[in-house]
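Note: hydrogens, waters and symmetry copies are ignored here, and every other heavy atom, side chains too, is used.
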Amino acid sequence: IYELYKNKKFEDALNKAFTIYSNDESNAELNHLIGLIQLNLGNLDNSITYFKKAVESEPNKMSFNYNLALSLKKLKKFDESFLYFKKALNLDVNHPNVNFNVAHLYEIKGDIDLSISHYQKSLRKDKSLYESYINLALIFESIGKTENARKIYEEGIFNNPDNFSLRNNF
């Protein structure tokens, strides 16, 4: 199943997963994999169903909480998404993508200070997260700290020299 998934043969992977699933509906890894396949197929409601089953079976697995939160965020269920991102963050405080998403949700909520803090944490762990640079610079611009914004864009371009989005925003 995983090979089919890696090769982006999502329908084939899903069909094979379901043949196994009928015999093992409580398998957390299988539920998670089906959730990932559903997510890649754009079936967000289905992905949430399977990610929730995975989290119920193994609540302390960061990736399960993270992917559930990501699917919920894509459906704009920000409050519920935030809960699972926070849980994922508690399980791996340094994960750059979790910090990015927590920062983005804080930004949506209007909590600029916490948003800035989490964007900065995401960049300390992964300097290739160009969206963190862009979002952080835009926040600084919005609060009148244009010099901070300029420095963030320059750092982002230095660390991601081929990224058109960073250059375009600068």
- Query: Are Ser128 and Asn159 close enough that some pair of their side-chain heavy atoms sits under 4.5 Å apart?
  - Reply: no
- Message: For Lys74, I'd like to know if atom NZ has over 12 heavy atoms of other residues, nucleotides or ligands within 6.0 Å.
- Response: no
- So, do Val93 and Lys125 sit near enough that their side-chain heavy atoms are less than 4.5 Å apart? no
- Measuring from Asn94:CG to Ser122:OG, what's the distance to the nearest 0.5 Å? 11.5 Å
- Message: Exactly one of Leu114, Ile139, Ile152 should register a side chain to side chain contact (heavy atoms under 4.5 Å, CB included) with Tyr119. Which one does?
- Response: Ile139
- Are Ile37 and Asn43 close enough that some pair of their side-chain heavy atoms sits under 4.5 Å apart? no
- Task: Inspect the surroundings of NZ in Lys127 and state if more than 12 heavy atoms from other residues, nucleotides or ligands are less than 6.0 Å away.
- Result: yes
- Take Ser57 and Ser26, measure what side chain to side chain donor-acceptor pair (under 3.5 Å) needs, and give me the verdict at the end. CA-CA 7 Å; Ser57 295; Ser26 64; 5.8 Å; no
- Measure the shortest side-chain to side-chain distance between Tyr84 and Glu80 over non-hydrogen atoms and say whether it is less than 4.5 angstrom. yes
- Are Lys151 and Glu155 ion-paired here, with the side-chain N under 4.0 Å from a carboxylate O? no
- Task: Report the C-alpha separation of Lys61 and Glu29 in whole Å, then their side-chain angles, then the decisive distance to 0.1 Å, and conclude whether the salt bridge (charged side-chain N to carboxylate O under 4.0 Å, His left out) test is met.
- Result: CA-CA 10 Å; Lys61 189 109 180 209; Glu29 292 292 336; 2.6 Å; yes
- Aromatic ring proximity, centroids under 6.0 angstrom, His32 and Tyr50: no
- Query: Does the cation-pi check pass for Lys73 over Phe78, that is, NZ or CZ under 6.0 Å from the six-membered ring centre and within 45° of its axis?
  - Reply: no
- CZ of Phe18: more than 12 outside heavy atoms within 6.0 angstrom? yes
